[in-house]
Amino acid sequence: MQKRWVERELENLAAITELQESLNIDRVLASLLVKRGITDFEEARIFFRPELNRLHDPYLMKDMAIAVSRINQAITSGEKILIYGDYDVDGTTSVALTFSFFKKLHSEIDFYIPDRYREGYGISTQGIDYAFENGFSLIIALDCGIKSVDKIDYANERGIDFIICDHHLPGDQLPAAIAVLDPKRSDCTYPYKELSGCGIGFKLIQAYALEYDIPFEQVSSYLDLVAVSIASDIVPITGENRILAWYGLLKLNTDPCKGLLALMNISGRKENLSIMDVVFTIGPRINAAGRIDDAKHSVNLLIADDEAIAIEKSQIINTKNTERKEHDSNITEQALAMIDEDPVLIERKTTVVYNADWHKGVIGIVASRLTEKYYRPTIVMTNSNGYAAGSARSVAGFDLYEALCECSDLLIQFGGHKYAAGLTMKTENIPAFQQRFEEVVAASIPEELLVQAINIDAEIELKQIDPKFFRILKQFEPFGPQNMAPVFVSRNVYTYGAATIVGNKHLKMCVHQDNQTYYNCIGFGLGEYLDLINSGAAFDICYTIEENRWKEKKSIQLNIKGIRASLPNQKQ
């Protein structure tokens, strides 16, 4: 499917000129800074030179002093503390960070991860009962709990105090916990609102260390876990997250904890892991434990102090990831066949598929794959305890959650946000839901949103990509949400020699403009353009610029995102 090329308009030309002159950089690079809200020299300095001393005071977070005091009370009086977290990457890294820090200060401490299938997301009655039966009087909940009003009431009835560390949007009522740490609560004036769950855990141990004169090095030693959570939970890499991610990646690449090192090695470690490397290699493996078996495996890996234990745990997790990939591949194949064999499904503006035998742990991944293939709002469902449980994914610009609200009478429950959601319904409601969801989406989604867009930041000539340009561009890293790798367009380029197909329909070639600068390129999944490239005609490319490493050699490579034939005077 041909994608739309959308070129962003330049704004605030005066700020671009000022940055270009004050920083002595290419105008295109100055425009990229302005698009990120950076308009003067000092803001650029802060952006390019992240500093840990610019982290916000953790005590600016509502209830932080109460939380620190209650934890210290538990430690000094010998109470049993339970660290409780969600089963995904953000939750397990949060638990590993908080447990590891306080374990050095207090022996009466353990952790608890709810079972994805028996207990579901967040704080569970079973978890509270476990704490009560085992004598835990304080639970620190991470990456969950902000909407668990009834569960916290239940814990209070059983004499168990809760400290909630969450980053999700609160409901109308806050839980009656001892402390609720969440920058998104309406009465919290903490300056940065987009921390990950593990980021909230980091602020908690930072605050405790400040209060009790613990060296910051004992806090910053967990930044590799924070970076993994930031990458995997897809939070914005702006502000405080940018600082945490920058130093977290540095730690990950130079001195990772034993568990992450073992996981990196077993997944085929490469030098200088980026945020995207974490997303595609580390994150899925940590997630796989909870999807296929028990997320406690992930925490045990991440808290391992012994290298042999870390290696053993990494092997368990890698095996679970292999199982996850097999389920993912098989179910995706079945779902694609289901759609391709049904003319009605092919023509719809939505995809809703159900199979009672599909593995619940991977239906979210399959929904993402189907969305990539057909690029339309998608829901994949399977049987769970006699009901149809589904995972939903949307396309850029379309509010999936609002569409589900209009189908709520057919659902038992649902939750999520604009681009991803989960839902449960009676199996007999599936046909009616398929029809209603299609009608709601078809009536409200603009046609252009059903064609994937490539958002282009700037047009450049290939000769602009000199060593200085690339060196400064690399300083925009780490890339991620709200700081994505810039996409450039270059027009009227030609291939040097013949392009070839490598791997699974990937395009490999060398391009130039006017017989000047030459660059090697890789276009993943773009093999369909081979004939155009090798015809000798001019073509346009949009791409990101990256560093390719082969053995000991480094070179600039263009990662092609789109190709089309050049047209006279073509601008878009």
Original post:
Hey, is the main chain of D277 close enough, under 3.5 Å, to the side chain of S274 for a donor-acceptor pair?
Top reply: yes

Subject >> Candidate pair K80 and D110, rule salt bridge (Lys or Arg N to Asp or Glu O under 4.0 Å), full reasoning >> reply: CA-CA 8 Å; K80 293 183 73 174; D110 205 349; over 6 Å; no

Original post:
Is there a donor-acceptor contact under 3.5 Å linking the side chains of T92 and S298?
Top reply: no

**OP:** Ignoring hydrogens and angles, tell me if any N or O in the side chain of S100 forms a donor-acceptor pair with the backbone of L97 under 3.5 Å.
**Re:** no

Subject >> Atom pair CZ/OG of F102 and S107 - distance to nearest 0.5 Å >> reply: 14.5 Å

Original post:
If you draw a 6.0 Å radius around CD1 in I234, do more than 12 non-hydrogen atoms from other residues or ligands fall strictly inside?
Top reply: no

**OP:** Tell me, yes or no, whether the heavy-atom count around D306 atom CG, taken from other residues, nucleotides or ligands under 6.0 Å, exceeds 12.
**Re:** yes

Subject >> ring-ring contact (aromatic ring centres under 6.0 Å, His included), paired with F99, selected from Y222, Y112, F111 >> reply: F111

Subject >> Within 6.0 Å of CD in Q173, more than 12 heavy atoms from elsewhere >> reply: no

Original post:
How many angstroms lie between CD1 in I71 and CD1 in I75, if you round to the nearest 0.5 Å?
Top reply: 7.0 Å

**OP:** Locate the shortest heavy-atom distance separating A245 from I237; write the atom from each residue and the value.
**Re:** CB-CG2, 4.4 Å

**OP:** For F280, look at atom CZ and say whether over 12 heavy atoms of other residues, nucleotides or ligands are found less than 6.0 Å away.
**Re:** no

Original post:
What are the two closest non-hydrogen atoms of L82 and A131, and how far apart are they?
Top reply: CD2-CB, 3.9 Å

**OP:** In sequence, state the C-alpha distance, the side-chain angles, and the governing distance for I83 and F136, and then conclude on side-chain contact (heavy atoms from CB on, under 4.5 Å).
**Re:** CA-CA 10 Å; I83 310 297; F136 291 94; over 6 Å; no

Subject >> Distance-only side-chain donor-acceptor flag, Y387 / N429, under 3.5 Å >> reply: no

Could you pull out all donor-acceptor pairs under 3.5 Å where a side-chain atom in residues 478-485 meets a protein atom, sequence neighbours excluded?
unit_1: N483; atom_1: OD1; unit_2: R36; atom_2: NE; d: 2.6
unit_1: N483; atom_1: ND2; unit_2: F476; atom_2: O; d: 2.8
unit_1: N483; atom_1: ND2; unit_2: P478; atom_2: O; d: 3.0

**OP:** For the pair D255 (side chain) and K251 (backbone), establish whether a donor and an acceptor sit closer than 3.5 Å, ignoring hydrogens and angles.
**Re:** no

Subject >> Partner residues of E194 under the side-chain contact (heavy atoms from CB on, under 4.5 Å) criterion, sequence neighbours left out >> reply: K184, Y192, P236, N241

Original post:
Under 3.5 Å, is there a donor-acceptor pair linking the side chains of T332 and D328?
Top reply: yes

**OP:** Report the relative orientation of the aromatic rings in Y212 and Y208; use parallel for angles under 30°, tilted for 30 to 60°, perpendicular for over 60°.
**Re:** tilted

Original post:
Quick one: does D224's side chain have a donor or acceptor within less than 3.5 Å of a partner on C257's backbone?
Top reply: yes

Original post:
In Å and rounded to the nearest 0.5 Å, what is the CZ to CD distance from R158 to E133?
Top reply: 7.0 Å

**OP:** Give a yes or no answer on whether the side chain of R376 reaches the backbone of L449 with a donor-acceptor pair at less than 3.5 Å.
**Re:** no

**OP:** Looking only at non-hydrogen atoms, find the nearest pair between R324 and A288 and report the distance.
**Re:** CB-CB, 4.2 Å

Original post:
Rounded to the nearest 0.5 Å, how far apart are CG of L336 and CD of E341?
Top reply: 10.5 Å

**OP:** Any chance you could measure L195, atom CG, to C165, atom SG, to the nearest 0.5 Å?
**Re:** 11.5 Å

Original post:
At their closest point, which heavy atom of V219 faces which heavy atom of A209, and how far apart are they?
Top reply: CG2-CB, 3.5 Å

**OP:** Answer yes or no: is there a side-chain heavy-atom contact under 4.5 Å between I128 and T125?
**Re:** no

**OP:** Using atom types as modelled and distance alone, determine if a side-chain donor or acceptor of T319 lies under 3.5 Å from a backbone N or O of Q315.
**Re:** yes

Identify each donor-acceptor pair in which a side-chain atom of residues 56-68 lies under 3.5 Å from a protein atom, sequence neighbours left out, and give them as a table.
unit_1: D57; atom_1: OD1; unit_2: Y59; atom_2: N; d: 2.8
unit_1: Y59; atom_1: OH; unit_2: A207; atom_2: O; d: 2.8
unit_1: D63; atom_1: OD2; unit_2: V180; atom_2: N; d: 2.9
unit_1: D63; atom_1: OD2; unit_2: R185; atom_2: NH1; d: 3.0

Original post:
Can T351 and K373 be said to form a side-chain contact (heavy atoms from CB on, under 4.5 Å), step by step?
Top reply: CA-CA 11 Å; T351 298; K373 170 72 173 177; over 6 Å; no

Subject >> Short side-chain to backbone donor-acceptor contact, H359 and T382, under 3.5 Å >> reply: no

Original post:
Which pair of non-hydrogen atoms, one from S229 and one from C198, has the smallest distance, and what is that distance?
Top reply: OG-CB, 3.1 Å

Original post:
Where is the tightest heavy-atom contact between I266 and S314, given as atom of each residue plus distance?
Top reply: CD1-O, 3.9 Å

Original post:
Can you tell me if CD on E333 sees more than 12 non-hydrogen neighbours from other groups inside 6.0 Å?
Top reply: no

**OP:** Under the ring-ring contact (aromatic ring centres under 6.0 Å, His included) rule, collect the residues that match up with Y401, sequence neighbours excluded.
**Re:** F414

Subject >> T93 side chain to D90 backbone, donor-acceptor under 3.5 Å >> reply: yes

**OP:** Determine whether D143 and H168 make a side-chain contact, defined as any pair of heavy atoms from C-beta on separated by less than 4.5 Å.
**Re:** yes

Original post:
When rounded to the nearest 0.5 angstrom, what is the spacing between CD1 in I123 and CG in D150?
Top reply: 9.5 Å

Original post:
What do the steps show when you test E438 against Q434 for side-chain hydrogen bond (donor to acceptor under 3.5 Å, both in side chains), and what is the final call?
Top reply: CA-CA 6 Å; E438 170 67 18; Q434 286 176 310; over 6 Å; no

Subject >> Close side-chain approach of L410 to F437, heavy-atom, < 4.5 Å >> reply: no

Original post:
Which pairs with one or both residues in residues 377-403 pass salt bridge (charged side-chain N to carboxylate O under 4.0 Å, His left out), sequence neighbours excluded?
Top reply: none

**OP:** Using a 4.5 Å cut-off on heavy atoms from C-beta on, say whether the side chain of D129 contacts that of Y154.
**Re:** yes

Subject >> Residues S69 and N72: side-chain donor-acceptor under 3.5 angstrom >> reply: no

Subject >> Y190 and L181, any side-chain heavy atoms less than 4.5 Å apart >> reply: no

Original post:
Mind checking what makes ring-ring contact (aromatic ring centres under 6.0 Å, His included) contact with F524, not counting sequence neighbours?
Top reply: H506

Original post:
So does D305 have more than 12 non-hydrogen atoms from other groups sitting under 6.0 Å from CG?
Top reply: no

**OP:** Indicate yes or no: at least one non-hydrogen side-chain atom of E240 is less than 4.5 angstrom from one of K203.
**Re:** yes

Subject >> N253 side chain to L249 backbone, donor-acceptor under 3.5 Å >> reply: yes

Original post:
Taking the side chain from N287 and the backbone from V89, do they hold a donor-acceptor pair closer than 3.5 Å?
Top reply: yes

Original post:
Within a reach of under 6.0 Å around NZ of K418, are more than 12 heavy atoms found that belong to other residues, nucleotides or ligands?
Top reply: yes

**OP:** Would you indicate whether E307, at its atom CD, is surrounded by more than 12 heavy atoms from other residues, nucleotides or ligands within a distance under 6.0 Å?
**Re:** no

Original post:
Can you find a pair of side-chain heavy atoms, one from V278 and one from I230, that are under 4.5 Å apart?
Top reply: no

Original post:
Would you say F398 and P377 make side-chain contact, with heavy atoms under 4.5 Å?
Top reply: yes

